Amino acid sequence: MPPTPPARFKVNGTPVQYGGDPRRSLLDFLRDELSLYGTKKGCDHGQCGACTVIVDGRRINSCLTLAVMQDGCQITTVEGLGSDDDLSPLQRAFIAHDGFQCGYCTPGQICSASAMIAELAEGWPSHVSDDLLSVLPTDEELRERMSGNLCRCGAYSNIIAAIRDVMPVAG
Amino acid sequence: MRAFSYDRASAVADAAGAEARLIAGGTNLLDLMKLEVELPTRLLDINHVGLDQITEVEGGLRLGALLRNADCAADQRVRRDYPLLARAILAGASPQLRNRATTGGNLCQRTRCGYFMRLGTRCNKREPGSGCDAIDGSNREHAIFGVSPACIATYPGDMAVALAALDASVEITGSRGGRSIPLRGFHRLPGDDPSRDNVLEPGEIITSVTLPPPVGGRQVYRKVRDRASFAFALVSVAAIIDIQSGRISRADLAFGGVAHKPWHDPEVEQALLGEVPSPVLFARAADLLVAKAKGQGENDFKIPLLRRSLIAVLAEATGV
Ligand SMILES: Cc1cc2nc3c(=O)[nH]c(=O)nc-3n(C[C@H](O)[C@H](O)[C@H](O)COP(=O)(O)OP(=O)(O)OC[C@H]3O[C@@H](n4cnc5c(N)ncnc54)[C@H](O)[C@@H]3O)c2cc1C
Ligand code: SF4
Ligand code: FES
Ligand code: FES
């Protein structure tokens with residue numbers, strides 16, 4: 001096999017390099033090589049959102065992209081959003097609203113929600129927007145926009161309440 | 001996942017004619033490589049070739065092959081002038097997937113037939129000549145139009161259904177130059193070679209999709225699925241309807257989840273053109289559409305579902 005061109009990118013601000021087996025997903029790289037265990041593997045097939053991270057400002061499923069494909073990217077995982085002694089407002093809101101039970105889906109929910117709030121601020125429409133050109137942040141909108149993150153414990157209504165708490169504009 | 005070599009293309013010229021499997025967003029290809037349904041030995045990453053923008057051309061818009069689905073649906077021009085396309089994209093997959101999925105990769109996504117995605121079953125698409133376990137098996141998701149004795153799978157995507165109604169074109173580059181083909185002719189029917197989903201030849205790369213100048217009218221994309229979000233279509237209807245002096249002056253229709261390609265039936269459009277919109281007319285058009293449909297057993301329900309969906313969409317688009 002010809003050598004793999006290395007990928008140089010940043011994870012939570014720290015420069016990293018990867019040029020190993022190209023089969024390694026970004027998800028496995030974060031967990032197995034960087035010991036960033038916040039990002040979870042649920043399905044490994046893009047169906048559950050537990051592996052959601054933020055790449056260049058956009059939320060993606062880290063299970064369906066390769067570590068070698070991240071050349072030049074800036075990646076933020078849940079560890080980059082807040083720390084044990086300095087939780088982000090969204091993390092605090094998840095605690096205040098009981099936005100989880102087992103907690104397995106939670107890092108993905110939090111990464112997804114923080115990028116989702118930015119998408120809303122940019123005025124991105126969704127499947128449930130009545131008017132594609134002017135979007136209102138209703139609860140129905142929040143639920144649709146979080147539909148890529150499943151929660152087997154069914155904490156959905158408290159997750160929406162937590163997100164609502166940190167949104168700049170009330171719906 | 002099987003071993004493969006990986007390289008990065010920095011320009012379209014590196015990819016055109018390359019003897020390698022192209023990877024864009026990776027959301028379909030990597031999924032299938034994990035299942036060992038796809039077994040490429042060489043991957044060529046095309047995320048650095050550019051082509052990730054929307055440009056204005058000849059009154060229409062050119063969508064780069066590497067444009068992310070999310071960026072396409074969020075573009076002001078697409079939202080204003082091609083709401084059908086924005087709606088179809090937003091009805092598909094999840095926000096995370098749409099942030100990665102590209103114009104080219106979305107068109108080339110493979111069927112969701114459960115046998116195709118599961119090794120150890122007979123599937124002519126995955127393993128030509130092995131048979132088709134779906135024909136007498138679990139075929140609730142399968143096609144009602146254009147099937148063959150070799151394969152009854154559907155093309156599962158949403159975006160391409162809107163592009164078919166819009167009569168978009170696909171620009172392709174290979175080692176011997178470029179060509180442009182109508183999107184309606186991009187996907188194939190299975191015939192006796194279901195291993196080929198579309199007309200791309202080895203070494204060809206999609207560079208863009210071009211939308212014709214805006215057509216106006218009422219644009220509706222209705223997707224019927226098993227849950228309210230994040231599920232593939234059982235059936236979908238894309239419609240652009242315009243009315244002049246009380247009569248239908250434009251009726252561009254395409255249907256998803258029902259065939260190996262976005263389904264387009266000019267006879268149904270003809271039956272609507274020039275007529276005064278009415279429930280009787282809509283029922284006549286829908287009957288004409290499903291007259292050619294054939295169920296496979298578990299998917300028989302799709303025939304009345306498609307009929308009712310078209311009637312509902314025509315009512316919504318005409319306000320009748
Ligand atoms: C859980 C889940 C749910 C989904 N739900 C939906 C849904 O409801 N509706 C829907 O429409 N889709 C849905 N999808 C599919 C998704 O839209 C596709 O995976 C995505 O659009 C593929 O784009 P990509 O860029 O990631 O393609 P890739 O995975 O990178 O590539 C797919 C194929 O296209 C080829 N290719 C890519 N770019 C080019 C090019 N420029 N020229 C030639 N060939 C190229 C690749 O070689 C490969 O064969 C879903 C996917 C998942 C995982
Ligand atoms: S319907 Fe097509 S894809 Fe599905 S098992 Fe049969 S041949 Fe394979
Ligand atoms: S682990 Fe990536 S979506 Fe489930
Ligand atoms: S809190 Fe248990 S899966 Fe969501």
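Order of the sequence lines fixes the chain letters, A, B, ..., with proteins taken first and strands second; residue numbering starts at 1 for each chain. These numbers come from a predicted model, not from an experiment.
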side-chain contact (heavy atoms from CB on, under 4.5 Å) partners for B/Ser138, two or more places apart: B/Tyr115, B/Glu298
Check: A/Arg59 main-chain N/O paired with B/Asn99 side-chain donor or acceptor under 3.5 Å: yes
Closest contact, heavy atoms only, B/Leu97 versus A/Gly46: CD1-O, 3.7 Å
Which of B/Asp75, B/Ile23, B/Leu43, B/Leu30 touches chain A most, by non-hydrogen pairs under 4.5 Å: B/Leu30
Residue pair B/His48 / A/Asp71: nearest heavy atoms and the distance that separates them: CE1-O, 3.8 Å
Option that, when pairs with chain B are counted at under 4.5 Å, heavy atom only, ranks first among A/Thr65, A/Thr4, A/Val68: A/Val68
Toward chain B: residues of residues 84-123 of chain A with heavy atoms under 4.5 Å: A/Ser112, A/Glu119, A/Gly123
Listed partners of B/Arg21 passing salt bridge (Lys or Arg N to Asp or Glu O under 4.0 Å), at least two apart: B/Glu38
Members of residues 6-15 of chain B whose heavy atoms come closer than 4.5 Å to chain A: B/Tyr6, B/Asp7, B/Arg8
Check: B/Met1 main-chain N/O paired with A/Arg23 side-chain donor or acceptor under 3.5 Å: yes
B/Arg68, part contacting chain A, at a heavy-atom distance under 4.5 Å: neither
Best-contacting candidate, A/Leu66, A/Asp21, A/Leu150, against chain B by heavy atom pairs under 4.5 angstrom: A/Leu66
Chain B interface, residue from A/Met69, A/Arg143, A/Arg58, A/Glu144 that has the most non-hydrogen pairs under 4.5 Å: A/Met69
